[in-house]
Structures are given as structure tokens and as C-alpha cells.
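Computed from heavy atoms alone, side chains included, the values below leave out hydrogens, waters and symmetry copies.
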Amino acid sequence: MKNKTLAAWLTFIGGPLGLHRLYLYGATSRLLWLLPIPTLLGLYGVYRARTLGLEDPWGWVLIPMLGFTIAGCAVNALVYGLMATDKWNARFNPGAAVEAPAGQTNWLTIGALVVSLLVGTTVLMASLAFSFQHYFEYQVEEAKLISQPGLK
């Protein structure tokens with residue numbers, strides 16, 4: 001029996017590594033094997049930013065991949081947590097009764113929803129702000145180089 005509360009928490013905590021896909025769909029899920037790629041690229045961007053500084057263009061291109069993956073998994077946790085009991089059991093526990101306890105919402109499920117909503121929106125907004133800020137700073141520097149050819 002696939003538990004909705006456990007799935008919501010796994011999606012929020014281990015979602016960027018695909019742990020929720022392993023729990024719900026097994027090792028044959030393609031997304032299970034694709035989710036770690038943007039997560040690891042984003043972590044590599046954080047590493048580059050820490051070692052080379054925030055002026056490194058690859059750093060500010062790769063870091064938002066981690067943020068968007070975390071935000072996407074938080075949204076997915078909301079989808080799982082808000083799914084109706086009958087739909088949950090029909091989809092993930094097909095042999096169980098319509099109102100089986102594994103698909104019911106409890107306070108731990110609500111906690112996963114609240115934390116996912118709070119952290120997901122914060123990470124999404126921070127990723128967008130970081131991306132746009134560094135993109136526009138890069139554009140301003142390039143414009144300065146174009147307008148003053150002697151500075152190269």
C-alpha cells in the first residue's frame with residue numbers, strides 16, 4: 001500500500017533525487033533517473049559560485065536548475081497531498097478499498113503541504129530573482145563594453 005503522507009514527504013524532501021518516483025512507480029520510472037541530472041548540475045553551479053565567485057556565468061546559469069527542481073518537487077508534493085482519497089487509492093493502491101487508510105489525509109500530510117508550499121515558493125522566487133539579477137548585470141556589462149570600445 002502506497003501511503004499518501006509518506007509520498008508527500010518523500011516528494012518534498014527527496015524529490016530532487018527522485019525518491020518519490022522510486023516509492024510510487026519503482027525503478028522503471030524514467031523520471032526517477034532524469035530528476036537527479038538538474039539537481040546535480042545545480043549543485044555543481046553552487047560549487048562553481050563558491051569557488052570562482054558569483055561572476056562566473058556558468059554558476060549563475062546552473063544554480064537555478066537546482067531551485068527550479070526543488071520548486072517543482074514542492075508543487076508535486078502539493079498535488080499528491082491534495083489528491084482525493086478515492087483517486088489516490090485508485091491510482092496507487094488499485095487492489096485496496098476506495099476509502100483505504102493509506103490514501104487518507106492526516107495532520108502529517110497537512111504538515112507536508114504547508115512546508116512544501118512555504119519552501120517551494122521561497123526557493124522559486126529566490127531562483128527567479130537570482131537568475132534575472134545576474135542576467136541583467138551581465139547585459140549591463142556587455143552594453144558598457146559595446147558603448148566604450150576602448151575598455152576591452
- [ ] State yes or no: do Y47 and L41 share one hydrophobic cluster built from I, L, V, M, F, W and Y residues joined by side-chain heavy-atom distances below 4.5 Å, directly or via other members?
- [x] yes
- [ ] Treating Ile, Leu, Val, Met, Phe, Trp and Tyr as nodes and any side-chain heavy-atom pair under 4.5 angstrom as an edge, say whether L24 and L6 lie in one connected cluster.
- [x] yes
Open item on the list: Within the 4.5 Å heavy-atom criterion, are V98 and N89 side-chain neighbours or not?
Closed with: no
Task: Remaining members of hydrophobic cluster (4.5 Å side-chain criterion), L22 - done: L32, W33
Task: Backbone of W88 reached by a side-chain donor or acceptor of K4 within 3.5 Å - done: no
Task: With sequence neighbours excluded, residues passing side chain to side chain contact (heavy atoms under 4.5 Å, CB included) with N76 - done: T11, H20, V79, Y80
Task: Test applied, side chain to side chain contact (heavy atoms under 4.5 Å, CB included); reference residue, I110; option that passes from L108, N106, L113 - done: L113
- [ ] Measure across Q104 and T109 and return the closest heavy-atom pair with its distance rounded to 0.1 Å.
- [x] O-OG1, 4.3 Å
TODO: Can you tell me which residue pairs pass the salt bridge (Lys or Arg N to Asp or Glu O under 4.0 Å) test with a partner in residues 85-98, sequence neighbours excluded?
DONE: none
- [ ] Could you walk me through whether Y23 and L19 pass side chain to side chain contact (heavy atoms under 4.5 Å, CB included), step by step?
- [x] CA-CA 6 Å; Y23 174 67; L19 295 180; over 6 Å; no
Task: Partners passing ring-ring contact (aromatic ring centres under 6.0 Å, His included) against Y25 (at least two apart in sequence or in another chain) - done: F92
- [ ] Determine yes or no for a side-chain-to-main-chain donor-acceptor pair under 3.5 angstrom, with S29 supplying the side chain and G26 the backbone.
- [x] no
Open item on the list: Assigning hydrophobic clusters by single linkage (Ile, Leu, Val, Met, Phe, Trp, Tyr; side-chain heavy-atom cutoff under 4.5 Å), is I37 placed with L62?
Closed with: yes
Open item on the list: I need the T28 OG1 to R30 CZ distance, nearest 0.5 Å.
Closed with: 9.5 Å
TODO: With sequence neighbours left out, write down each residue that passes side chain to side chain contact (heavy atoms under 4.5 Å, CB included) with L43, or none if nothing qualifies.
DONE: T39, L40, L66
- [ ] Report whether F68 and V46 are members of the same hydrophobic cluster (ILVMFWY, side-chain heavy atoms less than 4.5 Å apart, transitive linking).
- [x] yes
- [ ] Kindly state each residue pair satisfying salt bridge (Lys or Arg N to Asp or Glu O under 4.0 Å) with at least one member in residues 101-111, sequence neighbours excluded.
- [x] none
Open item on the list: According to a hydrophobic-cluster definition based on side-chain heavy atoms being under 4.5 Å apart (Ile, Leu, Val, Met, Phe, Trp, Tyr only), do I70 and F12 belong together?
Closed with: yes
N/O donor to acceptor pairs below 3.5 angstrom from side-chain atoms of residues 114-136, sequence neighbours left out:
{"unit_1": "S116", "atom_1": "OG", "unit_2": "A112", "atom_2": "O", "d": "2.7"}
{"unit_1": "T121", "atom_1": "OG1", "unit_2": "L117", "atom_2": "O", "d": "2.8"}
{"unit_1": "T121", "atom_1": "OG1", "unit_2": "L118", "atom_2": "O", "d": "3.1"}
{"unit_1": "T122", "atom_1": "OG1", "unit_2": "L118", "atom_2": "O", "d": "2.7"}
{"unit_1": "S127", "atom_1": "OG", "unit_2": "V123", "atom_2": "O", "d": "2.8"}
{"unit_1": "S131", "atom_1": "OG", "unit_2": "S127", "atom_2": "O", "d": "2.8"}
{"unit_1": "Q133", "atom_1": "NE2", "unit_2": "E137", "atom_2": "OE2", "d": "3.0"}
{"unit_1": "H134", "atom_1": "ND1", "unit_2": "F130", "atom_2": "O", "d": "3.0"}

Task: Sequence neighbours excluded - side-chain hydrogen bond (donor to acceptor under 3.5 Å, both in side chains) pairs with any residue from residues 54-74 - done: R48-D56
Open item on the list: Could you measure the distance from the CG atom of L78 to the CE atom of M83? Nearest 0.5 Å is fine.
Closed with: 12.0 Å
Task: Partner set under side chain to side chain contact (heavy atoms under 4.5 Å, CB included) for A96, not counting sequence neighbours - done: M1, N93, A100
